[in-house]
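Take a look at the structure below.
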Amino acid sequence: MILTELLNKLPSITILFAFFVGTIIGSFLNVVVYRLPLMLQESWSEYAADALRTSGFMDYAGIISRDNNINKNLTLAYPRSHCPTCKRTLKSYHLLPLVSFIALKGKCEFCKSAINFRYPAIEFICGVLTSYVIYRYQFTWMTVGCCFFIWILICLSFIDIEKKILPDFLTILLLWSGIIFNLNAMFVSLEESVIGAIFGYLFLWAIATIFKLVTRKDGMGQGDVKLFAALGAWVGWSSLPILLVLASCAGIFGGCIQILRKSTKTQSIAFGPYLASAGFIALLWGNEIKNLILR
Ligand SMILES: [Zn+2]
């Protein structure tokens, strides 16, 4: 293959190019992270308004529909990217990943409001991880699978950080794609993958249910349960214990930092990013970690 030859002959240039492509993908992931929750909010509000209308509460239904009008017709492609503060449409050079943020010194060119740091962060993370995956698996189907896996996880992590939700659209997509990519045992056998999804769901669901029965509080969102099941479909059931230990340790550490900084006491902590990071480690280094433990 030409691309593989290029990677072997000019590794640094190919990796740099992969990083650049990764930042462009990251730029699109930013659109997903910003717009998907708004699109969901719009459809949920419409659903609530319909329910109120059916129950005879026309006034309340009207208020919801009116407030909801702002995000009507919003899709991932329409309207064109704009500044969330002044609503002016961005110029094409504003869309250059990383470069535009640096050139504009992190501020909107029109209204000078600060650009959310999430934009360069996602572009950079996506660039680094995409180029690493290409370096590791070269130009193979494993790269395609692994890139798809990390791109969805980046979206889920940042949506969870900002909105404290893990949309079904992404978790279920991740679950089915995990099973599909493992049909020919790409990362784990199909059996490992399917049992991983079932075991992952049932295990976290049981923990969440027991926690709720004992404390009468929601300790864990259903989104975390579905994400864990989806990760099980990718890494297989045998890597799930390692994944959960890693995510829990990182979650406890992150939670302590958040409490020490007094940024939250009553607010819930987003567990999705910890599960996602642990899932990434388990997919790429799960076997090495398992061998190390067995030794
Ligand atoms: Zn602006």
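The model shown is predicted, which means the values in this text are computed figures rather than measured ones. Both counts, for ligands and for their atoms, begin at 1 and track the order of listing.
- Within the structure, side-chain hydrogen bond (donor to acceptor under 3.5 Å, both in side chains) contacts touching residues 183-205 (residues at least two apart or in different chains) are E192-S238.
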When the side chains of residues 92-104 are checked against the rest of the protein, which donor-acceptor pairs come out under 3.5 Å, sequence neighbours left out?
unit_1	atom_1	unit_2	atom_2	d
Y93	OH	E109	OE1	3.0
Y93	OH	E109	OE2	3.4
H94	ND1	K91	N	2.9
H94	NE2	E109	OE1	2.8
S100	OG	H94	O	2.9
S100	OG	L96	O	2.7

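- In this structure, W234 and F187 have tilted ring planes: the angle between them lies in the 30° to 60° band.
- The number of protein N/O/S atoms found under 2.8 Å from the Zn ion (ligand 1) is 4.
- In the displayed structure, W176 atom CH2 is contacted under 6.0 Å by at most 12 heavy atoms of other residues, nucleotides or ligands.
- Formation of a donor-acceptor pair under 3.5 Å by the R88 side chain with backbone atoms of C83 is not found in this model.
- For the salt bridge (charged side-chain N to carboxylate O under 4.0 Å, His left out) condition, the pairs that include at least one residue of residues 226-244, sequence neighbours left out, are D168-K226.
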